[in-house]
Amino acid sequence: MALLIRNGLVVTDNSQGVADVLCEGEVISAIGTNLQVPAEAEVLDATGKYVFPGFIDPHTHIHLPFMGAFAKDTYETGTRAALLGGTTTIFDMCCPSRDVQPWEGYQEWRARSEGQACCDYSFHMGVTRFDDDSPGQLRRVVGDGVASFKIFLAYKDALGLGDEGLFRALRLARELGVVTAVHCENATLISELQRELLAVGQTGPAAHHESRPPQVEAEGVHHLMTFAGLTRAPVYIVHLSCREALEEALRGRQRGVDVRIETLIQYLVLDKSLAEQPGFEGAKYVMSPPLRDKANQGILWNALRQGLVDTVATDHAPFDFSDQKALGRDDFTKIPNGIPALSDRIPLLHTHGVLKGRMSLQDLVRTASANTARIFGLFPKKGTIQPGADADLVIYDPEARYTLSAKTHPMNVDYSAFEGWEVQGRAETVTLRGRIVVRNGRHVGSPGDGHFLRRQPSAA
Ligand code: URP
Ligand code: ZN
Ligand code: ZN
C-alpha cells in the first residue's frame, strides 16, 4: 500500500523545506507539494513535524560475549528499541572470540539475527585474530556483503589484535576496498596502569579513567594513523572521546590518511564525574574509552558542526547493573564496559544539540544518518530522502517531551545512564521500507521486519 506523508518539514543533510513525501512499495517515489493521493494510500499529516531519513547507528553491540558477560539485548529487543528512538538501520559488531574462525563466527551472528530484527542491519566484521587462514576467511565474509572490518587495539587478552595482525588486516582491507573501524587505545599502557592502580588499592569505578587517560587513547589513534598511512587503508575511528585523540586524528588526516571519525552521544552529554560517584554507582558509567572531563564536550560538539567528526553512534553495550556490572565490585578492571543508549541517541542529540544551538537539523541528519550511509556504502539507498531511496522515514514531533528512565525505556537493561533526564522531541511515526513500524510512539511491527543489508566494497 502507498503512504503519503503530507506537509512535514523534510530534512536531509543538505536541504530542508515543507513538502509531501510519497512512498510506494519499499521506496520513496516522489517528493513535492500537493502530491496526488494514489488510490488506497494511507495519508499521514505531518504539519508542524519534521520528516527525517531513518537514522543509522554505525556502532552497536547486540550480541556481545564480553568480559565474562553477555550484553543483554537480543536482536528483537535491541532493534525494537532502535526503531522507537528513530533509528531504522544499525551496524552491529560481529566479534567472534579468537578460537573461532571468522566465517564460523560470522555465521553465528547471522543465525542469531536472522528473522529476529525489527529494523534493518548490517555488520562490521571483527578481526580478532590474523593467521594464514584469515585472508581467505575474511574474503568470504566480505563476499557475503560485509564490506567493513572492526579491530580492537585494546582488550589485549580477549578481542584485541597485535601490530602484526593490524598491519596485515589493513593491507587486506586496502586490497578489498573495505573500511576498517578501529577501537583506539594502547593495550599495554592500560594493563600497566591497571596493575599499578590495583596494587595501591584503587579498586573502584573511579580508577577506570585513571587507567585509560586521554594519552592512552591519543597513542592508539596515533598508532592507527601510522599503520593506515603506510598501508593506505581507509579507516574509521570508533568512539573518539577527547581533544588529545581528535588532534592525533586530524594530524593524520592532514598527512593524507583516509580517516573518518565517530564520537558517541555519551561523550557529548555525560562526563567522568558520573563514574567517580561514591560507592559502586559509578559502574553504570564505565565504558571505554572512559567518559572524559566536561571540557571535551564543547570540543566534540564544535568538531561535529565543522564536519571534523563525521558520525554520532551509541556503541550500545547493555550490561545490567544488578548482576553484570557487579562482576567488578571488588576490581574495576572486571566491570563489563558499556553504556546503553540505543533508543536515546536521537532525542538527546535533538535536545542537547539542535535545541541548544550546537547543531542544525541538517547537521543532525548528516552526523546521525547520511554520513554513516556514505562511509559504509549504503548511500543513497539509506541516509537520505529522495526518489528511489528506501522509504525509511521518521516523522518527528519536535514539541513532544518525555523523561528517560529504565522504568520505561525499551532497551533490555536494568538501568539508564540518563535516568530522570527530560528530553524534547520524539519519533512519533517510523517507516521501514514503506511500512509503518512505529505509530504514535508505539512499535507496531514484528521481528523479521528488518533485513540484513549486503554492502559492496568500494573497490568493486
Ligand atoms: O565500553 C565499551 N565501549 N564497550 C563496548 C565494547 C567496545 O569497546 O566497543
Ligand atoms: Zn570499542
Ligand atoms: Zn563498541
Side-chain angles (χ1 to χ4, degrees), residues 57-73 78 82 90-97 109 121-128 148-161 166 180-187 190-191 194 205 207-209 211-212 216-217 220-221 223-224 235-242 245 249 261-268 270 272 274-275 282-292 311-321 324-325 327-328 332-342 345 372 376 411 413 415 417:
D57 194 330
H59 183 170
T60 69
H61 299 273
I62 302 294
H63 175 54
L64 178 66
F66 186 51
M67 298 183 76
F70 285 86
K72 282 291 304 294
D73 269 311
I90 63 166
F91 282 74
D92 203 44
M93 299 291 174
C94 171
C95 297
S97 67
W109 261 256
Y121 61 102
S122 185
F123 291 114
H124 300 300
M125 183 62 209
V127 183
T128 52
S148 46
F149 292 161
K150 168 70 186 288
I151 290 175
F152 295 89
L153 304 187
Y155 312 131
K156 203 178 187 162
D157 302 323
L159 303 168
L161 197 63
L166 174 65
T180 303
V182 186
H183 175 137
C184 296
E185 286 184 301
N186 182 299
I190 295 166
S191 55
Q194 286 178 336
H208 180 68
H209 186 276
S211 72
R212 307 169 102 107
V216 165
E217 185 182 349
V221 171
H223 205 79
L224 177 67
V235 290
Y236 174 90
I237 297 169
V238 295
H239 51 40
L240 183 132
S241 72
C242 60
I261 305 169
E262 167 195 284
T263 191
L264 304 182
I265 186 63
Q266 293 91 328
Y267 300 133
L268 291 166
L270 303 174
K272 79 181 173 85
L274 292 160
K284 292 178 179 171
Y285 301 93
V286 166
M287 66 178 301
S288 295
L291 296 178
R292 299 299 186 191
T311 62
V312 182
T314 60
D315 191 9
H316 178 69
F319 294 103
D320 274 345
F321 181 62
Q324 297 183 307
K325 291 275 185 184
L327 292 169
F332 72 91
T333 68
K334 297 191 166 59
I335 300 170
N337 288 195
I339 300 180
L342 190 42
R345 178 179 64 134
T372 297
F376 293 111
M411 301 174 286
V413 62
Y415 78 98

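Just follow the structure's listing: the first ligand is 1, and inside any ligand the first atom is 1. Residue numbers start at 1 and run along the sequence shown.
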*Compute the angle centred on the Zn ion (ligand 2) spanning ND1 of His183 and NE2 of His239, and express it rounded to 10 degrees.*
90°

*Tell me, please: is His59 in heavy-atom contact with ligand 1, that is, under 4.0 Å?*
yes

*asked:* For a quick check under 3.5 Å, do Thr314 and Arg345 share a side-chain donor-acceptor pair by atom type?
replied: no

*asked:* Could you check whether His316 and Asp57, counting side-chain N and O atoms only, form a donor-acceptor pair closer than 3.5 Å?
replied: no

*Among protein heavy atoms, which sits nearest to atom 1 (O) of ligand 1, and what does the distance come to when rounded to 0.1 Å?*
Ser288 N, 2.7 Å

*Short side-chain donor-acceptor distance under 3.5 Å, His59 and His61*: yes

_Using a 4.0 Å cutoff against the non-hydrogen atoms of Met287, which atoms of ligand 1 qualify?_
1 (O)

*To the nearest 10°, how many degrees is the angle Asp315 OD1 to the Zn ion (ligand 3) to His59 NE2?*
80°

*Determine whether the side chain, the backbone, both or neither of His183 has a heavy atom under 4.0 Å from any heavy atom of ligand 1.*
side chain

*Test Phe91 against every option in Phe123, Trp109, Phe376 by the ring-ring contact (aromatic ring centres under 6.0 Å, His included) rule and name the one that passes.*
Phe376

*Would you call the rings of Phe66 and Phe319 parallel, tilted or perpendicular, where under 30° means parallel and over 60° means perpendicular?*
tilted

*Check ligand 1 against Asn337 and write out every atom of the ligand that is under 4.0 Å from a heavy-atom position of the residue.*
1 (O), 2 (C), 4 (N), 5 (C)

*ligand 1-proximal atoms of Asp315, by part, heavy-atom distance under 4.0 Å*: side chain

*Going by atom types alone, do His239 and Ser288 pair a side-chain donor with an acceptor below 3.5 Å?*
no

*Verify the distance criterion only: is there a donor paired with an acceptor across the side chains of Tyr236 and Thr311 at less than 3.5 Å?*
yes

*Which residue supplies the protein heavy atom nearest to atom 8 (O) of ligand 1, what is that atom called, and how far is it?*
Tyr155 OH, 2.6 Å

